[in-house]
J.: 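Before anything else, here's the structure in question.
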Amino acid sequence: MGFNKDFYWGGSVSSFQTEGAWDEGGKGLSIYDVRPTNPNFSDWKVAIDAYHRYPEDIALMKEMGFNFYRFSICWSRIIPNGDDDINEEGVAFYNRLIDQLLEAGIEPMITLVHFDMPYHLVKEYNGFASRKVVDLFERYARVCMERFGDRVKHWMSFNEQNLFSQSLRYSNAEDIPEGEDPIKFLYQVNHHVFIAHCKAVKALRELVPDAQFCGMVAYGLTYPDSAEPKANMIAQLTNDYFNNFYVDVFTKGKYPQYMINYLTAHDWMPKFDKEDDTLLSYTVDYMAFSYYTSAVVTTAEYEGRFLGDVIAEAHRKNEFLDGTEWGWQIDPIGIRRIARDIYYRSNKPVFVLENGIAHRESLNENLTVEDDYRIDYHREHIKQLKAAVEVDGVECLGYVTWGPIDIPSSQCEIAKRYGFVFVNRDEKDLKDLSRHKKKSFYWVKKAFESNGEDLD
Ligand code: BG6
């Protein structure tokens with residue numbers, strides 16, 4: 001019983017939230033170098049300087065008992081403008097990172113796109129609004145597979161791909177052509193991203209047949225706030241249109257009928273090119289998900305409306321759960337629900353690729369942080385995941401935490417810390433960026449090295 005002996009334990013990050021070195025090593029401008037951040041927060045220029053400090057960070061992860069690390073490649077480090085030559089210095093950086101991870105006994109996983117892309121592709125083509133960018137993405141994916149596939153056996157195309165149906169920001173296609181229905185446009189762009197993903201799966205099958213490709217969703221686990229049927233229906237529709245649509249395309253190789261009906265009824269069905277049905281049939285090896293919090297909806301009108309608008313109106317706080325300062329409510333049972341739902345639906349192994357809790361923190365006089373709340377959070381989530389495996393029979397590949405060494409949040413707020421290691425910097429003052437082990441560091445080491453047995 002318990003987790004398999006080859007279960008993965010580790011951490012997940014993105015390039016823009018870790019690397020810094022925004023204008024070094026032949027890197028081109030990324031959308032993140034250009035898009036303004038909240039003036040009270042930081043910018044992406046230095047992040048935690050992992051571009052230079054990765055050996056120290058790998059040593060810390062090794063000490064914590066990690067055997068898995070998911071990072072994203074910065075597209076503009078490999079192909080600076082997205083449609084020009086390969087930047088060998090960028091390739092060399094990721095080669096060094098991969099080699100050092102493997103030397104430390106840590107299996108690397110590559111995310112090809114974690115929300116970023118070369119700025120030139122945004123300006124010139126409006127991101128994934130253009131099929132040309134789909135082809136440029138395929139070229140980029142193939143370069144990465146050719147250069148890193150001999151050592152990297154876990155691959156993902158797009159981080160949290162289901163977010164792409166909620167906002168154009170993720171596909172960097174925010175320029176909606178005049179006269180175009182914004183939701184129809186959103187689903188067309190979303191379709192291009194599906195096709196880009198499938199082209200990458202096809203490329204991996206050809207170039208690195210012994211590697212595995214996954215689909216990933218930010219699973220929106222949604223409860224109704226009562227037995228009121230409309231609230232229950234909204235929760236169900238969220239599950240269908242936001243989560244299952246993606247799980248179904250990734251694992252069954254075509255748009256599910258309920259989604260075709262929803263999109264067609266509103267005239268939002270995207271235009272398919274001739275090759276698209278065949279491309280969609282390239283399915284994944286396993287399903288990954290991120291999970292931090294669950295949501296609650298109350299009753300609202302939903303017929304004939306865009307689900308995103310319905311959820312925004314119907315969203316409520318869960319009165320049974322505590323939450324963080326940012327309003328993310330803590331629901332460990334949710335992780336078990338999701339693991340079951342995805343596994344039973346897709347019949348593919350599941351993989352938790354992001355989980356964690358953010359807190360505002362500072363170093364105490366002993367140069368550490370007593371983050372018992374973080375230990376509690378991970379303990380309870382691991383326990384529930386174990387129940388999914390032991391009681392429910394879910395096949396689960398691993399439990400991977402978000403931002404194990406403090407990084408700025410997705411909004412560039414360094415105060416929103418997730419790590420087991422404190423990084424000494426503020427929003428505006430970079431200080432010395434030194435790394436300090438928090439109390440949770442030692443707990444994680446025990447939990448991971450005992451394969452999830454010692455959770456005290
Ligand atoms: C995930 C993203 O949605 O959540 C990460 O993949 C992000 O990029 C993480 O950092 C946590 O969200 P936030 O906004 O607290 O950083």
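Ligands are counted one by one from 1 in listed order, and the atoms in each one are counted from 1 as well. The structure presented is a predicted model; accordingly, all values stated were derived computationally and were not measured. For the single chain, residues carry numbers from 1 onward in sequence order.
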J.: Using a 4.5 Å cut-off on heavy atoms from C-beta on, say whether the side chain of Lys438 contacts that of His359.
T.: no
J.: Answer yes if the ring centres of Phe194 and Tyr246 are under 6.0 angstrom apart, and no otherwise.
T.: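 Yes; Tyr246 has its ring centre under 6.0 Å from that of Phe194.
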J.: Check whether the side chains of Asn159 and Thr111 place a donor and an acceptor atom closer than 3.5 Å, and report yes or no.
T.: no
J.: Anything with a heavy atom under 4.0 Å from ligand 1 counts, so go ahead and list those protein residues by chain and number.
T.: Gln17, His114, Phe115, Asn159, Glu160, Tyr292, Trp328, Glu354, Trp402, Ser409, Ser410, Lys416, Tyr418
J.: Could you tell me whether Arg151 sits above the aromatic face of Phe148, with NZ or CZ closer than 6.0 angstrom to the six-membered ring centre and within 45 degrees of the axis?
T.: no
J.: Using side chain to side chain donor-acceptor pair (under 3.5 Å) as the criterion, list what pairs up with Asn355, not counting sequence neighbours.
T.: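 By the side chain to side chain donor-acceptor pair (under 3.5 Å) rule, Asn355 matches Tyr377, Tyr399.
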J.: I'd like to know whether the aromatic ring centres of Phe71 and Tyr54 sit less than 6.0 Å apart in this structure.
T.: no
